[in-house]
Amino acid sequence: MTSTPKRGKTTRAPFASRADVFGESVIREMTRLAIRYHAVNLAQGFPDFSCPDELKTAACDAVNADINQYAITWGAQNLREALAAKVSRYNHMEFDPETEITVTCGSTEAMMASMLALITPGDEVIVPEPFYENYGPDAVISGATPRFVPISDSDPVDEDAWRDAFSARTRAIIINTPNNPTGKVFSLEELRFIADLCIDHDVIAVTDEIYEHILYDGRKHHSIGSLPGMEDRTVTIGSFSKTYSVTGWRVGYTLACEALSGRIRKVHDFLTVGAPAPLQAACTVALSLPDSYYHGLARLYESKRQKLFKGLSKAGFRCRLPEGAYYIFTDISDFGMRDKEFARYLVEKGGIAAVPGSSFYHEGGENRLRFTFSKKDSTLDEACHRLRELDIPAD
Ligand code: GLN
């Protein structure tokens with residue numbers, strides 16, 4: 001008599017896959033811990049305040065108007081057209097909405113689809129470090145070998161280190177400006193220097209510009225793709241998540257010449273078929289908001305930046321004001337704990353969730369913790385209150 005295998009039992013040998021090479025997202029894990037310990041979540045960078053009313057109305061209207069089936073895989077035509085106009089105005093780049101703009105499920109998919117579309121396993125990809133944690137697994141999944149080049153929170157790029165990072169095997173570099181987690185905003189001179197390296201070595205720049213409207217102290221955003229010679233070798237990634245406070249909508253996009261976009265579109269199609277149709281309709285409305293909206297957003301974050309900076313400084317964290325984005329990347333060397341232990345202590349005992357610095361480095365970062373200020377003033381006030389109450393063991 002043959003016995004039926006029990007459910008859940010497998011006769012297969014244990015196997016390994018690429019998913020075993022990288023760990024879980026620490027940022028998302030900290031959010032789960034924040035929920036478990038009823039902590040103020042200053043870990044994951046998303047607003048706890050409302051998106052603009054115009055967007056809510058537009059999303060409901062779209063659902064009620066039966067825009068509930070797949071959009072065109074590359075994105076709804078009117079959204080791509082509105083994006084082409086916005087990018088021409090703000091980023092000084094021209095793209096054909098028919099062939100060069102692809103709407104994706106957030107910038108997360110935009111980055112992954114771009115890497116899968118451009119990389120042949122074994123290619124090297126230059127990743128400035130510290131980096132947003134997704135870029136590590138993105139490299140593994142696409143088969144790329146990452147080459148890390150250090151960036152400082154404020155000093156100009158170390159030109160020798162950048163020159164050394166390029167090799168005959170370099171296929172792409174990842175730029176992220178304004179930068180997560182450091183807040184660094186790359187200057188035009190730095191981008192020109194990097195662009196020249198890309199041109200000399202025939203390398204593609206994949207640039208994540210999701211925080212392009214969150215800038216402080218009069219700083220200006222520059223897109224490397226707008227520089228001469230970069231038109232056909234840049235993938236610019238953007239998103240609605242941070243600019244319009246709709247991180248859960250998952251609508252982002254890539255901008256690239258037709259040859260690159262064609263490949264990205266194929267990967268995007270088989271990965272997702274497309275981004276949510278009614279939310280694409282609402283994002284088209286978002287792009288018609290007046291300039292005052294963007295100025296208001298930067299002003300709002302400016303006051304939140306000051307509030308959290310004061311709270312952290314008073315509690316003994318060494319920190320500096322970021323140039324852009326909405327994170328403060330602190331130095332915890334004065335305390336007697338390393339990042340993971342400290343983050344655990346903070347979330348369990350202090351009621352505040354932050355992200356351990358090491359999740360932004362391939363090695364190192366244990367002396368840093370990242371806090372976001374993308375939260376209501378009342379949330380930040382509560383966090384500052386809890387920071388004051390903390391009994392942090394000093395080194
Ligand atoms: N970019 C945000 C952060 O760094 C959100 C990350 C995410 O979970 N998608 O916190």
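Since we're looking at a predicted model, the values are computed, not measured. Atoms considered below: every heavy atom in the structure, side chains included; atoms not considered: hydrogens, waters and symmetry mates.
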Sequence neighbours excluded and cut-off under 3.5 Å, please list the side-chain donor-acceptor pairs for residues 283-291, or say none.
| residue | atom | partner | partner atom | Å |
| --- | --- | --- | --- | --- |
| T284 | OG1 | Q280 | O | 2.9 |
| S288 | OG | V285 | O | 2.6 |

Using distance only, find each side-chain donor-acceptor pair of residues 103-117 under 3.5 Å and give its atom names and separation, not counting sequence neighbours.
| residue | atom | partner | partner atom | Å |
| --- | --- | --- | --- | --- |
| T104 | OG1 | G106 | O | 2.8 |
| T104 | OG1 | G252 | O | 3.3 |
| T104 | OG1 | Y253 | N | 3.3 |
| T108 | OG1 | R250 | NH2 | 3.4 |
| E109 | OE1 | C105 | N | 2.7 |
| E109 | OE1 | H268 | ND1 | 3.1 |
| E109 | OE2 | H268 | ND1 | 2.9 |
| S114 | OG | A110 | O | 2.6 |

Extract all donor-acceptor atom pairs below 3.5 Å that involve side chains of residues 50-65 and protein atoms in other chains or at least two apart in sequence.
| residue | atom | partner | partner atom | Å |
| --- | --- | --- | --- | --- |
| T57 | OG1 | D53 | O | 3.0 |
| N64 | ND2 | C60 | O | 3.2 |

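In this structure, D217 contributes its side chain and R219 its backbone to no donor-acceptor pair below 3.5 Å. Between the side chain of D208 and the main chain of I210, a donor-acceptor pair closer than 3.5 Å is present. Formation of a donor-acceptor pair under 3.5 Å by the D196 side chain with backbone atoms of D200 is not found in this model. The backbone N or O of T182 sits nowhere less than 3.5 Å from a side-chain atom of D153 that would complete a donor-acceptor pair. Looking only at distances, a side-chain donor or acceptor of S359 sits under 3.5 Å from a matching main-chain atom of P356. Of the possible donor and acceptor atoms, none in the side chain of R338 sits under 3.5 Å from a partner among the backbone N and O of E366. Within the 3.5 Å criterion, the main-chain N or O of G229 finds a donor-acceptor partner in the side chain of E231. Without hydrogens or angle criteria, T272 side chain to G274 main chain gives a donor-acceptor distance under 3.5 Å. Between the side chain of Y326 and the backbone N or O of Y301 there is no donor-acceptor pair closer than 3.5 Å. For R233 (side chain) and I204 (main-chain N/O), no donor-acceptor pair under 3.5 Å exists by modelled atom type.
Across all non-hydrogen atoms, the minimal contact from P276 to W249 is CG-O, 3.8 Å. The two residues A144 and V125 make their nearest non-hydrogen contact at CB-CG2, 3.6 Å. What you find for A354 and A343 is that their closest heavy atoms are O-CB, 4.2 Å. Of all heavy-atom pairs spanning A205 and C198, the tightest one is CB-SG, 4.4 Å. Contact detail for C257 and E100: the closest heavy-atom pair is CA-OE2, 3.6 Å.
The distance from atom NZ of K242 to atom CG of L297, rounded to the nearest 0.5 Å, is 12.0 Å. With rounding to the nearest 0.5 angstrom, the CD1 atom of I101 is 8.5 Å from the OG atom of S261. For the atom pair CD of E94 and OG of S88, the computed distance is 3.5 Å after rounding to the nearest 0.5 Å. The distance from the CG atom of L369 to the CG atom of L312 is 9.5 Å, given to the nearest 0.5 Å. From H213, atom NE2 reaches atom NE2 of H295 across 9.5 Å, with rounding to the nearest 0.5 Å. Taken from OG in S25 to CD in Q44, the straight-line distance is 7.0 Å, to the nearest 0.5 Å.
Through direct or indirect side-chain contacts shorter than 4.5 Å among Ile, Leu, Val, Met, Phe, Trp and Tyr, Y90 is connected to V185, L215. Grouped with F166 in one hydrophobic cluster are I126, V149, I151, V157, W162, I173, I175, F186, L188, L191, F193, I194, L197, I199, V203, I224, L227, M230, the linkage being side-chain heavy-atom contacts under 4.5 Å among Ile, Leu, Val, Met, Phe, Trp and Tyr residues. With a 4.5 Å cut-off between side-chain heavy atoms of Ile, Leu, Val, Met, Phe, Trp and Tyr, the cluster of V273 takes in Y70.
Taking 4.5 Å as the limit, every side-chain heavy atom of S223 sits out of range of all side-chain heavy atoms of H92. Annotation: side chain of V251 is not in contact with side chain of V246 (no heavy-atom distance under 4.5 Å). With contacts defined as side-chain heavy-atom distances shorter than 4.5 Å, the pair K307/F373 does not qualify. Between L387 and I352, some side-chain heavy-atom pair lies under the 4.5 Å cut-off. Inter-residue side-chain proximity for V355 and T372 is flagged as unmet; no heavy-atom pair is nearer than 4.5 Å. At least one side-chain heavy atom of M337 sits less than 4.5 Å from a side-chain heavy atom of Y345. Q77 has its side chain out of reach of P97: every pair of non-hydrogen atoms, C-beta onward, lies at least 4.5 Å apart. Side-chain contact between T236 and M93 is present, with heavy atoms from C-beta onward closer than 4.5 Å.
In this structure, the salt bridge (Lys or Arg N to Asp or Glu O under 4.0 Å) partners of K86, at least two apart in sequence or on a different chain, are E212. For E190, the salt bridge (Lys or Arg N to Asp or Glu O under 4.0 Å) criterion is met by K184, not counting sequence neighbours. For D331, the salt bridge (Lys or Arg N to Asp or Glu O under 4.0 Å) partners are R318, not counting sequence neighbours. With sequence neighbours excluded, the residues satisfying salt bridge (Lys or Arg N to Asp or Glu O under 4.0 Å) with E302 are R305.
Under 4.0 Å is where a charged nitrogen must lie from a carboxylate oxygen, and between D123 and R169 no such pair does. Salt bridge D160/R163: present, at least one basic N to carboxylate O contact under 4.0 Å. D339 has no carboxylate O lying under 4.0 Å from a charged side-chain N of R368, or vice versa, which leaves the two without a salt bridge.
Under the 4.5 Å side-chain heavy-atom criterion for grouping Ile, Leu, Val, Met, Phe, Trp and Tyr, L300 is connected to L308 within one hydrophobic cluster. In terms of hydrophobic clustering, with Ile, Leu, Val, Met, Phe, Trp and Tyr side chains grouped at heavy-atom distances under 4.5 Å, I332 and V347 are assigned to different clusters. By the criterion of side-chain heavy atoms lying less than 4.5 angstrom apart, applied directly or through intervening Ile, Leu, Val, Met, Phe, Trp or Tyr residues, I264 is not grouped with F95; the two fall into different hydrophobic clusters.
The stretch residues 113-157 participates, sequence neighbours left out, in these ring-ring contact (aromatic ring centres under 6.0 Å, His included) pairs: F131-F148, Y132-Y135, F148-H362. Under the salt bridge (charged side-chain N to carboxylate O under 4.0 Å, His left out) criterion, the residue pairs touching residues 27-42 are E24-R32, with sequence neighbours excluded.
The cationic group of K375 lies under 6.0 Å from the six-membered ring centre of F46 and within 45° of the ring axis, placing it in a cation-pi geometry.
Using a 3.5 Å distance cut-off with no hydrogens or angles, the side chains of Y327 and Y211 do pair a donor with an acceptor. Between the side chains of E124 and T145, no donor N or O sits under 3.5 Å from an acceptor N or O. Checking E209 against T177 by side-chain atom types alone, no donor-acceptor pair falls below 3.5 Å.
Heavy-atom neighbours of Q306 CD from other residues, nucleotides or ligands within 6.0 Å: above the threshold of 12. The neighbour count for F49 CZ, taken as heavy atoms of other residues, nucleotides or ligands under 6.0 Å away, is above 12.
When each of F371, F329, F309 is paired with F317, the ring-ring contact (aromatic ring centres under 6.0 Å, His included) condition holds for F371 and for no other.
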- Message: With side chain to side chain contact (heavy atoms under 4.5 Å, CB included) as the criterion, how do V40 and R386 come out once you've worked through the C-alpha distance, each side chain's angles and the decisive distance to 0.1 Å?
- Response: CA-CA 9 Å; V40 177; R386 292 183 186 193; 3.7 Å; yes
